[in-house]
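Reading through the structure tokens given below for one structure.
When a ligand or atom number is given, it counts from 1 through the structure's own listing order. For this chain, numbers begin at 1 and follow the sequence in order. All of these numbers come straight from a predicted model, not from anything done at the bench.
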Amino acid sequence: MKTIYAILVLAALQAVVLAGPTVDLSTAGASGTINGAIFQQINAQSMGTGVIDAFLRIQNNGIEEGYNTDYRPTSYDENASIQFTRSLLLTSIPTVNLNGTLYREFLLDINEAKNTKSTLSLDAIQIFQANAGNLHGTLAQLQTSWTQIYDLDAGGDNWIKLDYSLNPGSGGGDMLAYIPDALFKAEYGPYVYLYSLFGKNIAADSGFEEWSVRVVKDDTIVTPPPAVPAPGAMILAAMGMTLVGYLRRGRTL
Ligand SMILES: [Ca+2]
Ligand SMILES: [Ca+2]
Ligand SMILES: [Ca+2]
């Protein structure tokens, strides 16, 4: 009996220590859902995002966190330049239709050391709406004074595993976050605040992490970017190109 208890306790401890990511985006094109939101690994350079608007830049080693606001000084690890960390209007966040459901689309670009440790954990996302764009304070203060509309950790601790090496280079986005549009309400206020924390499960290093939105006009519904083809499909496409090249060469001979 004692042995069974010991095994159970060990198993429970192991589950706590080895708890993997809720959504693992460390392979190209991977996606997953947490609390109704869809997270998708993408290659922003290949999807042709066009003009994007950055609204939150965070940088630190180990754990890093922050949220977008016009207020200075900022509260956490945000870049203080208004060019990179600033208020965001709900109407400037693209709305996309995915299989009949409307979502608000956010783009995340991470920068990690490619050769030593390219992975990074995204451990918290909390989204709020408010009537002003220059609110400030700690996360605890935000939670009590603003309307929270999304929490990655509602109902239990979740996290997302990211890998910078899938899409290295500056400016390339790594992940799309689709938050259900139904959660956003005009009466909560025109401004949207996104708080995020990285590095709790896999430490942050190297360059900044940056959230942005594709530039849209007046709250229009836009087409989602094309999905990244699965590696198998890419191999088939490459084989097809080779075959086309071969046939073309054949014809000119
Ligand atoms: Ca990147
Ligand atoms: Ca978490
Ligand atoms: Ca980083």
Would you give the angle at the Ca ion (ligand 2) between D157 atom OD1 and N158 atom O, to the nearest 10°?
100°
Are more than 12 heavy atoms from other residues, nucleotides or ligands located less than 6.0 Å from atom CD of Q83?
no
Separation between OH of Y164 and CG of D205, rounded to the nearest 0.5 Å:
10.5 Å
In W146, Y188, Y67, the residue satisfying ring-ring contact (aromatic ring centres under 6.0 Å, His included) with F128 is W146
For the Ca ion (ligand 2), angle spanned by D123 O and D153 OD1 (nearest 10°) is 110°
Show your working on side chain to side chain donor-acceptor pair (under 3.5 Å) between T85 and N79 and close with a plain yes or no.
CA-CA 6 Å; T85 300; N79 186 306; 5.3 Å; no
What protein N/O/S atoms are found closer than 3.0 Å to the Ca ion (ligand 3)?
N111 O, E112 OE2, D205 O, G207 O, E209 OE1, E209 OE2
Minimum side-chain heavy-atom gap P21-N201 below 4.5 Å:
no
Where the side chain of Q129 meets the backbone of V192, is there a donor-acceptor pair that is under 3.5 Å apart?
no
Show the numbers, then the answer: is there a side chain to side chain donor-acceptor pair (under 3.5 Å) between N158 and T22?
CA-CA 5 Å; N158 295 308; T22 320; 3.3 Å; yes
Have a look at the Ca ion (ligand 1) and estimate, to 10 degrees, the angle subtended by OD1 (D109) and OD2 (D174).
80°
